[in-house]
Amino acid sequence: MSKERKLTFMDHIRELRGRLTWSVLALIITTIIAFVFADQIFHFLIKPAGDINLIYTEMTEMLSTYMIVSLAGGVVLAMPFFVYQIVMFVSPALTRREKRYVYIALPWITLMFVGGVAFGYFILLPPALKFLTSFGSDIATPQIKIGNYITLVTRLLVAIGAVFETPVIITFLSRLGVVSPQWLSKVRKWAYIGGFILAAIITPTMDPINQSLVAVPLIVLYEISIILSKIVYRRRGKTVTRPASSPS
């Protein structure tokens with residue numbers, strides 16, 4: 001029996017290694033594609049800053065910045081494939097209905113990530129960059145290194161995109177019975193606190209207004225998650241007020 005369990009465990013390890021290998025190959029391919037369009041991506045990332053003059057002070061800085069842009073673009077392009085590999089790895093533990101639900105959720109995962117990136121690009125970046133470039137400009141003239149700028153912007157956009165996956169992930173966990181709407185409501189105040197802490201980590205400024213631009217959408221997403229969790233529980237034949245119990 002122990003030998004059988006060991007073989008089963010090793011099968012999972014081999015499958016995980018295969019999934020990781022395919023994910024790395026996909027990331028390499030998408031990074032190369034992003035590198036081809038690196039100039040367009042540069043102009044796209046710089047546009048929210050307005051008429052900012054970026055500089056570089058090291059011989060290899062532009063090359064490393066190109067690689068950062070290409071890698072970030074590769075991650076965004078490969079995100080649906082990453083999610084698919086994760087789903088396929090855990091799919092043996094899912095029922096046929098749960099697998100169908102996962103396949104339905106896959107497009108929403110991509111859309112929410114893109115929506116988060118769009119929110120960060122159009123809503124969060126302009127005021128955050130204006131604050132950072134204007135703060136103390138009456139004392140010193142800002143000379144922003146392009147490597148520093150690109151690293152900050154790409155990190156922010158990818159983080160916001162990942163955070164926007166919250167409703168989809170919580171809904172999926174609710175569908176599996178891992179979390180319940182009762183529990184989500186119970187820890188609501190801690191989720192709010194966590195939202196502001198996460199906003200402080202993601203936002204590059206100490207400005208409470210910019211931090212609120214991140215924290216408030218996180219709170220709204222959490223409330224949407226609770227609503228979706230209730231809908232899922234109803235469809236699973238459970239009541240929202242009380243978990244289903246075995247008939248007496």
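Hydrogens, waters and symmetry mates are skipped; everything else that's a heavy atom, side chains included, is used.
For the pair Y222 and V187, the minimum side-chain heavy-atom distance is below 4.5 Å. Taking 4.5 Å as the limit, some side-chain heavy atom of T57 sits within range of a side-chain heavy atom of I55. Counting heavy atoms from C-beta outward, I226 and S185 have side chains that approach closer than 4.5 Å.
A salt bridge (charged side-chain N to carboxylate O under 4.0 Å, His left out) check over residues 209-229, counting only residues at least two apart or in different chains, returns the pairs R188-E223. Pairs of residues two or more places apart, or lying in two chains, that qualify as ring pair (Phe, Tyr, Trp, His ring centres under 6.0 Å) and include a residue from residues 36-77 are F42-Y66, F44-Y121. Annotation: ring pair (Phe, Tyr, Trp, His ring centres under 6.0 Å) contacts involving residues 159-191, sequence neighbours excluded, comprise F119-F164.
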**OP:** Step by step, work out the side-chain contact (heavy atoms from CB on, under 4.5 Å) result for I219 and F196.
**Re:** CA-CA 9 Å; I219 293 173; F196 277 97; 3.7 Å; yes

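Interatomic distance, R14 CZ to R19 CZ, rounded to the nearest 0.5 Å: 14.0 Å. Separating the NZ atom in K130 from the CG atom in L125 is a distance of 14.5 Å, to the nearest 0.5 Å. Atom CD1 of residue I68 and atom CG of residue L71 lie 8.5 Å apart, to the nearest 0.5 angstrom. To the nearest 0.5 Å, atoms CE (M112) and CD (E165) are separated by 7.0 Å. Considering CG of L221 and CD1 of I170, their distance stands at 9.0 Å, rounded to 0.5 Å. The distance from the NZ atom of K230 to the OG atom of S180 is 11.0 Å, given to the nearest 0.5 Å.
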Can you give the donor-acceptor pairs under 3.5 Å from side chains of residues 139-163 to other protein atoms, not counting sequence neighbours?
| residue | atom | partner | partner atom | Å |
| --- | --- | --- | --- | --- |
| Y149 | OH | L45 | O | 2.6 |
| T151 | OG1 | G147 | O | 2.8 |
| T154 | OG1 | I150 | O | 2.7 |
| T154 | OG1 | T151 | O | 3.2 |

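Cluster membership for L111 and I109, using ILVMFWY side-chain heavy atoms within less than 4.5 angstrom, is shared. Put simply, V114 and V83 are part of two different groups of oily side chains (I, L, V, M, F, W, Y) that touch within less than 4.5 Å, one to the next. Linking ILVMFWY residues whenever their side-chain heavy atoms come closer than 4.5 Å, directly or via other members, leaves I29 and M79 in distinct clusters. The cluster map of Ile, Leu, Val, Met, Phe, Trp and Tyr, joined by side-chain heavy atoms under 4.5 Å apart, puts Y192 and I197 in different clusters.
Under the side-chain contact (heavy atoms from CB on, under 4.5 Å) criterion, L16 pairs with L20, F89, not counting sequence neighbours. Partners of F81 by ring-ring contact (aromatic ring centres under 6.0 Å, His included), not counting sequence neighbours: none found.
Between P167 and L228 the shortest heavy-atom distance is CB-CD1, 4.2 Å. Contact detail for S70 and A38: the closest heavy-atom pair is OG-CB, 4.4 Å. Shown here for I41 and A34, the closest heavy-atom pair between the two residues is CD1-O, 3.7 Å. L27 and G74 get closest at one heavy-atom pair: CD1-C, 3.7 Å. In this structure, L213 and P127 approach most closely via the heavy-atom pair CD1-CG, 3.8 Å.
Proximity of a side-chain donor or acceptor of T203 to a complementary backbone N or O of A200 within less than 3.5 Å is not detected. Side-chain atoms of S174 do not come within 3.5 Å of backbone N or O of S229 as any donor-acceptor pair.
Heavy-atom contacts from other residues, nucleotides or ligands closer than 6.0 Å to CG of D39 number more than 12. Within a 6.0 Å radius of CZ in F35, no more than 12 heavy atoms belonging to other residues, nucleotides or ligands are found.
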